[in-house]
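As a basis for the values below, the full set of heavy atoms in this structure was taken, side chains included, without hydrogen atoms, waters or symmetry mates. As the structure lists them, so they are numbered: ligands from 1, and atoms in each ligand from 1.
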Amino acid sequence: MMRARVPLLLLLGILFLASVSVSFGIVHHEHQESQQESREQNNPFYFSSDRWFHTLFKNQYGHLRVLQRFDQRTKQIQNLENYRVVEFKSKPNTLLLPHHADADFLLVVLNGRAILTLVNPDGRDSFILEQGHVQRIPAGTTFFLVNPNDNDNLRIIKLAIPVNNPHKFQDFFLSSTEAQQSYLQGFSKNVLEASFDSEFKEINRVLFGEGQQQQGEESQEEGVIVELKREQIRELLKHAKSGSRKALSSSQNEPLNLRNRKPIYSNKFGRWYEITPEKNPQLQDLDVFISSVDMKEGGLLVPHYNSKAMVMLVMNRGEANIELVGQNQNQQQQKQHQQEDEEEESWEVQRYSAELSEDDLFIIPATYPVAINATSNLNFFAFGINAENNQRYFLAANFMVGWSG
Ligand SMILES: *[C@@H]1O[C@H](CO)[C@@H](O)[C@H](O)[C@H]1NC(C)=O
């Protein structure tokens, strides 16, 4: 990604010219901010983790949740309508059963460790993924996910880009559980018998686990996240490749490691790691960049904006205050418009602020300037949509400064 700065003097000149009209908008908005109820409405870019996720599946071993549609919150981010965010959490020694989906996924490990197995037409690939590893899962690829650790929960965020429908995607599970049927059960008896060259009874027993309860064998699994035995995990680990190898692979399938390369910006207040589509085939056709940013408490990520990328920020650890600046059509003028058509449109500056904590999501539209104040040591992760040839403009000399002591 190219990086550009606005020369400070030029910026000051622009600021001075703009200062008269800008101040009114900000003061006006601060008045509104003090009214608690209107805060969420005023800030359509903020998705707190406890309110905006919809549970897809949940049992004692973990859960799968999907974030509300972006375009339902505000028209200002309508172009994100074809992107969904999924969160997966699982307990130690568990397995998310094999399935595929009608969506491309970009998967990021936020916490813990995973064994990810991808089933391709020409075989299987198993990878050990750790915190900061990113893996692309092309639409239709059957995969399963294991949390091999004895103590740590696994936490994963997936960017989903649906194929058939701009808003929705479906998971097709291979095995039958109490939570859902195997998709193979959708086929007729004749098709199954002919395809697998077996008796229907046998197919039912082997593929769908039917008739086992009566024979006193293990009953059907309770859900799509199940417990695994230590021996099974050890066996899976033997066949998995470590994703932390240094070698930059050109393969579409190898995981990317955000943290084993040099930060693109770094100083005593923080580090910014980033992988862009220009150099990485995994990210090219998705046109997405990914970033991971560490900040020390008391650090300020100075105002900056992206020229064309829309950024989804996921708070991973710690807390921050964020300020995003956008433009809103002046409401009074809007009313006048209805009477006198000739008048020019007028916009006022609006500040959208939020206190972010773990698991919260925040959307930063392209060209909207943003600043982040670290109120504790923190790490956040970001997907940048529309990433190719994006430029990031910092509006001050240092990318991060200190504000305390
Ligand atoms: C950052 O947030 C803290 C706590 O709210 C506040 O005291 C401080 O003034 C803020 N710093 C900046 C630069 O906004």
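- A salt bridge is absent between R317 and D359: the closest approach of a Lys/Arg side-chain nitrogen to an acidic carboxylate oxygen does not fall below 4.0 angstrom.
- The shortest heavy-atom contact between L324 and I363 is CD2-O, 3.9 Å.
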Between the protein and ligand 1, which nitrogen or oxygen pairs come in under 3.5 Å, and how far apart is each?
residue, atom, partner, partner atom, Å
ligand 1, 2 (O), N321, ND2, 3.4
ligand 1, 2 (O), N373, ND2, 2.4
ligand 1, 5 (O), N321, ND2, 3.3
ligand 1, 11 (N), N373, ND2, 2.9
ligand 1, 14 (O), N373, ND2, 3.3

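- A donor and an acceptor atom, one from each side chain of S292 and N379, are located under 3.5 Å apart.
- Side-chain contact of Q76 with Y368: a donor-acceptor pair under 3.5 Å is present, judged by distance alone.
- Residue pairs meeting the salt bridge (charged side-chain N to carboxylate O under 4.0 Å, His left out) criterion with at least one member in residues 59-69, sequence neighbours excluded, are R65-E87, R69-D71.
- Remark: K296 fails to qualify as a cation-pi partner of F269 under the 6.0 Å distance and 45° angle criteria applied to the six-membered ring.
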